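See structure below.
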Amino acid sequence: MMYSLPERETLLLRLLSPTPPLNGATRAGFDGDDWDAVRGIVRQHRLGPLLHWQLTRTRPDLPIPAGIRDELAQSLRRSTVRSLRLQRELILIHRLLTEAGIPYQALKGAFLAFHVYPNAGTRPMRDLDILVPREQALRAFDVLLAGGLVRPAMYQGSPEAQIEIRNHLPPLHAASGRVTVEVHARLQNPDVLVADAVDLSETAEYWQRTIRRRTAGERIAFPDPTDLLLHLILHALDHRFNNGPLTLSDIGYLVQSETIDWTSFWQRASQQYCVRSCWLTLGLVERYWGTLAIDWPQQCPSDRESAQALETAAALMLRDYRTPSIAALARIGQQQASVLAKLGLLLRRVFPTRTTIAAAYPVRAKSARVFLFYLPHIWGLVSRQLPYILNPRLRAHFSDDLQKLEDLERWLAD
């Protein structure tokens, strides 16, 4: 399916970057109605703080309705205050894990906000992701609980069960309740690893590359920037770009501000069987962010071959956050060759393994009581997803997203 990203959405992506120039016609063509139309995208994908920063510093002559300008300014103020709360919790977590002798890294948003973006508030963070070696994950979870973090009532699944099927343990809340912390035992979920690829965090070399940067007076541990770049790309591809346009600025600012070992980067990408995915994501960043100092591999897809894939990926990056899980399920369903295989997929969704149930509910996988929790699991599927499937407007978005996902999968498979 041929697809072209609308000019309004294209301009929104370019406004997030400090570099690409905008011509006079483009400036004049973006009016109040356009701002009203993209307001939902800005809110859903947490673009307000960065957009306000860029508009006031690199696009000061772009006409913006007063109400929109005030909303963006308020979003930056709120994000800045929240970044201070998150920084405080990060320092406390650093001290607890260091005292317990547990190696760790603060993933993604923490390093980007405090050391890569021009202002911590311009990179909103939902939570703190803390990676520890897998064999230390359950102990780290207990150390944080003993240090004052608490388990929210809605996430009472077994940590032992969750670590078997996911890359992180159940979320924890800071004592204030305003910050969520996730202890990660892997960089990726086990079910997304390709072929015989090994999660990077399960190698000794990965942990030896850990860097430390002074943050609020403490030397906080973070991933090596080259590892972080690959992780950002894998994270975006795992979500099929539904983590939104901040991926563009995450990578753009990271490559601009840090030294990337490109030879090692492409070697690690090859080990993860994701060279083509890396090329697509970096190409997307260059298209909307601007030219970066990227050392490209010798063999890259041609411009003609990649143009439609880039348009499709950009559209997926802006899609409604409510439909991706349904679209992803339907995409997997369409990949099943027979009616019997599709029925098997549905049954596995409705009746997952006991470990999956134990990861979500307060019961052990080997307990006979685990079967009682299949009822709330099934009710959750019906109550959360059925309304969207039955809504004609959302079904239209869903079908369109599904086609784009199929196009992207086909391109990646080539």
Side-chain angles (χ1 to χ4, degrees), residues 82-117 119-120 123-149 159 163 166-174 179-189 198-235 250-251 253-261 264-265 268 272:
R82 179 164 176 77
S83 71
L84 294 174
R85 293 196 185 104
L86 288 158
Q87 186 181 76
R88 176 182 179 277
E89 295 303 328
L90 178 59
I91 299 304
L92 294 175
I93 291 168
H94 156 75
R95 291 173 179 171
L96 288 170
L97 295 180
T98 300
E99 184 177 350
I102 300 176
Y104 77 91
Q105 290 178 353
L107 294 178
K108 298 194 302 290
F111 182 74
L112 296 169
F114 300 132
H115 298 286
V116 171
Y117 274 69
N119 175 291
R123 207 301 183 171
M125 288 186 285
R126 288 193 178 99
D127 51 28
L128 287 173
D129 295 329
I130 306 296
L131 177 70
V132 300
R134 186 181 176 190
E135 64 275 10
Q136 299 264 34
L138 292 173
R139 180 168 167 251
F141 190 79
D142 290 338
V143 166
L144 296 183
L145 282 173
L149 278 76
I163 200 174
R166 296 177 187 160
N167 64 337
H168 63 82
L169 278 69
L172 298 173
H173 281 177
V179 174
T180 299
V181 178
E182 286 186 350
V183 176
H184 286 241
R186 306 177 182 89
L187 288 170
Q188 293 181 270
N189 278 317
V198 176
D199 193 279
L200 285 175
S201 69
E202 296 185 340
T203 66
E205 295 78 12
Y206 175 86
W207 289 97
Q208 292 167 2
R209 294 192 294 265
T210 298
I211 66 170
R212 292 188 178 272
R213 293 285 175 85
R214 190 164 294 281
T215 309
E218 299 280 357
R219 289 177 55 78
I220 304 299
F222 298 103
D224 164 72
T226 303
D227 286 326
L228 177 57
L229 174 60
L230 183 58
H231 176 51
L232 290 172
I233 293 173
L234 289 172
H235 184 70
D250 286 352
I251 294 175
Y253 278 126
L254 178 65
V255 173
Q256 282 183 347
S257 64
E258 299 292 327
T259 300
I260 305 298
D261 183 342
S264 297
F265 172 81
R268 293 169 204 168
Q272 297 294 309

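Quick note: residue numbers are just sequence positions, from 1. Quick caveat, the model's predicted, so the values are computed rather than measured.
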So, using ring pair (Phe, Tyr, Trp, His ring centres under 6.0 Å) as the criterion, who are the partners of Y253 when residues are at least two apart? Y117, W289
Provide the closest heavy-atom pair for L96 versus V143 in the form atom of the first, atom of the second, distance. O-CG1, 3.8 Å
To the nearest 0.5 Å, what is the distance between NE2 (H231) and CD1 (I233)? 11.5 Å
What's the shortest heavy-atom distance between A106 and L90, and which atoms? CB-CD1, 3.8 Å
Check whether R186 reaches the backbone of R166 with its side chain - one donor and one acceptor, N or O, closer than 3.5 Å. yes
Hey, could you give me the CG/CG distance between D250 and L112, rounded to the nearest 0.5 Å? 4.5 Å
Which residues pass the salt bridge (charged side-chain N to carboxylate O under 4.0 Å, His left out) test with D127, not counting sequence neighbours? none
Test item: L232 and H235 side chains (from C-beta on) under 4.5 Å apart, heavy atoms: no
My understanding is that only residues two or more places apart in sequence, or in another chain, count here; which of them pass side-chain hydrogen bond (donor to acceptor under 3.5 Å, both in side chains) with T180? H173
Which residue pairs pass the salt bridge (charged side-chain N to carboxylate O under 4.0 Å, His left out) test with at least one member in residues 214-226, sequence neighbours excluded? R95-E218, D224-R268
On a heavy-atom basis, which atom in P159 and which in L138 lie closest, and how many Å separate them? CB-CD2, 3.8 Å
If I take atom CG from residue L254 and atom CD from residue Q256, how far apart are they, to the nearest 0.5 angstrom? 10.0 Å
For residues 131-147, which residue pairs qualify under salt bridge (charged side-chain N to carboxylate O under 4.0 Å, His left out), counting only residues two or more places apart or in two chains? R134-E202
What's the verdict on side chain to side chain contact (heavy atoms under 4.5 Å, CB included) for H115 and T215, showing C-alpha distance, side-chain angles and the deciding distance? CA-CA 8 Å; H115 298 286; T215 309; 2.8 Å; yes
A113 meets the side chain to side chain contact (heavy atoms under 4.5 Å, CB included) criterion, sequence neighbours left out, with R123, M125
Closest heavy-atom pair and its distance - Q136, I102: CB-CG2, 4.0 Å
Report the residues that fulfil side chain to side chain contact (heavy atoms under 4.5 Å, CB included) with T210, sequence neighbours left out, ordered by chain and then residue number. Q105, W207, A221
Salt bridge (charged side-chain N to carboxylate O under 4.0 Å, His left out) involving R212 - partner list, sequence neighbours excluded: none
Rounding to 0.5 Å, atoms CG (L128) and CG (L172) come to a distance of 11.0 Å
Can you tell me how far apart OG (S264) and CZ (R209) are? Round to the nearest 0.5 Å. 7.5 Å
Applying side chain to side chain contact (heavy atoms under 4.5 Å, CB included) to L200 and not counting sequence neighbours gives L187, Y206, D227, L230, Q272
How about CZ on R88, more than 12 heavy atoms from neighbouring residues, nucleotides or ligands closer than 6.0 Å, or not? no
Could you give the distance from CG (D261) to CG (L229), rounded to the nearest 0.5 Å? 11.0 Å
Quick one, R82 and P124 - any side-chain contact, counting heavy atoms below 4.5 Å? no
Below 4.5 Å, heavy atoms only, C-beta onward: do I220 and Y104 meet side chain to side chain? yes
Option passing side chain to side chain contact (heavy atoms under 4.5 Å, CB included) with P225 (candidates I211, V116, V255): I211
Using every non-hydrogen atom in the two residues, find where Q188 and D199 come nearest and quote the distance to one decimal. N-OD2, 2.9 Å
Sequence neighbours excluded, the answer for side-chain hydrogen bond (donor to acceptor under 3.5 Å, both in side chains) partners of E182 is H184
Kindly state each residue pair satisfying salt bridge (charged side-chain N to carboxylate O under 4.0 Å, His left out) with at least one member in residues 102-116, sequence neighbours excluded. K108-D129
Quick one, L97 and L144 - any side-chain contact, counting heavy atoms below 4.5 Å? yes
Nearest heavy-atom pair of L149 and A174: which atoms, and what distance? CG-CA, 4.3 Å
Partner set under side chain to side chain contact (heavy atoms under 4.5 Å, CB included) for A137, not counting sequence neighbours: V132, I163, L169, A185
